[in-house]
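Scroll down for the structure; my scribbles are underneath it.
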Amino acid sequence: MKLLWLDLNSSYAHSSLALPALHAQIANDSTIEWCMVSATINENIGNIVQQIYHCKPDIIAATNWLFNHEQLLHIVSRAKSLLPNSSVILGGPEFLGDNEDFLRRNKFVNGVFRGEGEEVFPIWLKVWNQPVKEWSSIPGLCYLDQSGKYQDNGIARVIRFSELVPPEKSRFFNWSKPFVQLETTRGCFNTCAFCVSGGEKPVRTIPIEAIRERLNVIHQHGIKNVRVLDRTFNYNSKRAKALLDLFREYPDICFHLEIHPALLTEELKQKLATLPKGLLHLEAGIQSLREPVLEQSRRIGKLDDALAGLKYLCSLKNMETHADLIAGLPLYHLSEIFEDVHTLASYGAGEIQLESLKLLPGTEMRKKAKELGIQYSPFPPYEVLQTQEITVEELQTAHYLSRLLDGFYNTSTWRGITQTLILENPHFLHDLLHHLIETDVIDNPLSLEKRGLILYNFCKSYYPDYLTQVTIAWIEAGMSLKKLPAEKVKTKRQTPPENWQIIYGTYRENLRLCFLPTDDKGNGYWFGFESEIQKIEPVFKAVTL
């Protein structure tokens, strides 16, 4: 029997764990001939279909998720037309809800799995060609029987999670990506109504020693970034501390974690503060800074504790903490989103990620959308279009605000000056947003330099007191000193003053100096470059005031 796995990802940087996770469990089964077609959603569909057809598989399998949904169906529908005797089987988060309508609309799909597949997929493979007799006994399998009646076998859960063969042992595990994913627990203690993990119970864990063995393998492959997939890393403080001690053993790896700021114990705070710089990159789930919104979303944890925890995490200099907000949550108003962005900026969040709520299949909030007064797109990514608290126009404004944050606050070059402008000027976000919309650049891809030019011209017209700070950011990013943001910079035959205060670096006579005056009395900032051509960041900075 020949099984073809269609590995369809959103970009080359990403790689799904589904194939290696499933393959690892039955890699030694000689009755199965495995082959794979790997592609991204932006590739030519005809070429992908041709590769599938060339393999002539008995089974075409794939994972269906939010951002590959449409392209995946185009591909497998064509493949099924060319290979009518092949069985198409799909799984993934897109099937966590009711799957009858999907199967009736997409008759080229023979069946879909709801839930976790490592234990049930191998069982199905033994009876894949016996749908009449055997499919009704496979947990999680949904399909239309021979009479056209919808059969739903519930949801599949892996009970012996710690006994699974790690996906790293599969020959399909992709070691060429910028990062690898590591799952040390499965399930989530939280009950968030908007999240597909809200109903994943119980929480199952892998022993610390087994994780160490896997990290050793990962480390041997030279991986520098590990994304820990645990839904809430610190749901158990004792285990979280043990994992942090383990991660400390790999100082050349950066671990990306999702942490719940409301659940930070004093012991865990102390542990985080002592870790080497760069070991952790934190994603702090916050969603909203409004108690009624969080209560409606059924998120566990008191808001006061979450804010205190988030403020502490953002204060740590040895790691960067990103915070997220979700526009479109019930009871969440646009004005509150702007206020919450201001609060997160005041905490010094490394990034502020503002996303639109998506009502995913299988989530409690999707089931209660009508009751909550939420209108959403029936097609992926199922984004909310309007609620009782936020209009269509306001959600579009929230989208534009997200673009602004990504372009300016979430970019290290412009973060400092953007944060200063947000905190010192209550109307700055609205003013810059209006400017970006009016000049029709808000939805355009903008280079780092282009964003600097926009910010400089904007401040020149509306916030001139901040021009010097924009210019300093421009210089320190290694931007051209011949362009507008450096219009006041003096570069020719600059000699150092008798006295200056060195901010960073060491002055040497062979450095190429430039001077940014701040007044007419000779005060200002000095920058030193290694090269005559100033296309790299300065290595020296001083100030005369």
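Note that these values count all heavy atoms, side chains included, but never hydrogens, waters or copies made by symmetry. Computed from a predicted structure; not experimentally measured.
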Is [X] salt-bridged to [Y], cutoff N-O under 4.0 Å?
| X | Y | value |
| --- | --- | --- |
| Lys271 | Glu266 | no |
| Lys358 | Glu383 | no |
| Glu295 | Arg298 | no |
| Glu364 | Lys368 | yes |
| Glu258 | Arg231 | no |

Is it true that the side chains of [X] and [Y] contain a donor and an acceptor less than 3.5 Å apart?
| X | Y | value |
| --- | --- | --- |
| His69 | Glu94 | yes |
| Ser16 | Thr63 | no |
| Asn444 | Lys450 | no |
| Asn9 | Thr40 | no |
| Ser147 | Asp145 | yes |

Qualifying residue, where the test is side chain to side chain contact (heavy atoms under 4.5 Å, CB included) with Ile75 and the options are Asn68, Ile45, Ile60: Ile45
Worked verdict on Tyr235 versus His260 for ring pair (Phe, Tyr, Trp, His ring centres under 6.0 Å): CA-CA 8 Å; Tyr235 83 100; His260 195 324; over 10 Å; no
Geometric cation-pi criterion Arg366 and Tyr382, 6.0 Å radius, 45° cone: yes
Phe179 six-ring face occupied by Arg227 cation (under 6.0 Å, within 45°): yes
Gly285 to Asp324 - nearest heavy-atom pair and separation: CA-OD1, 3.5 Å
Results of side chain to side chain contact (heavy atoms under 4.5 Å, CB included) for Leu17 - residues two or more places apart only: Pro20, Pro167, Phe173, Gln181, Leu229
By side chain to side chain contact (heavy atoms under 4.5 Å, CB included) - contacts of Arg290 (at least two apart): Ser288, Pro292, Val293, Tyr332, Glu336, Glu339, Asp340
Listed partners of Thr439 passing side chain to side chain donor-acceptor pair (under 3.5 Å), at least two apart: none
Is the [atom1] atom of [X] crowded by more than 12 outside heavy atoms at less than 6.0 Å?
| X | atom1 | result |
| --- | --- | --- |
| Gln396 | CD | yes |
| Lys177 | NZ | yes |
| Lys302 | NZ | no |
| Lys241 | NZ | yes |

Intermediate values then yes/no, ring pair (Phe, Tyr, Trp, His ring centres under 6.0 Å), Trp124 and Trp135: CA-CA 7 Å; Trp124 178 81; Trp135 283 23; 5.8 Å; yes
OG on Ser297 to CE on Met365, rounded to 0.5 Å: 4.0 Å
Distance (rounded to the nearest 0.5 Å) between His256 NE2 and His322 NE2: 9.0 Å
Ring pair (Phe, Tyr, Trp, His ring centres under 6.0 Å) partner of Phe95, chosen from Phe113, Phe102, Tyr143, Trp65: Phe102
Centroid-centroid under 6.0 Å between Phe247 and Phe255 rings: yes
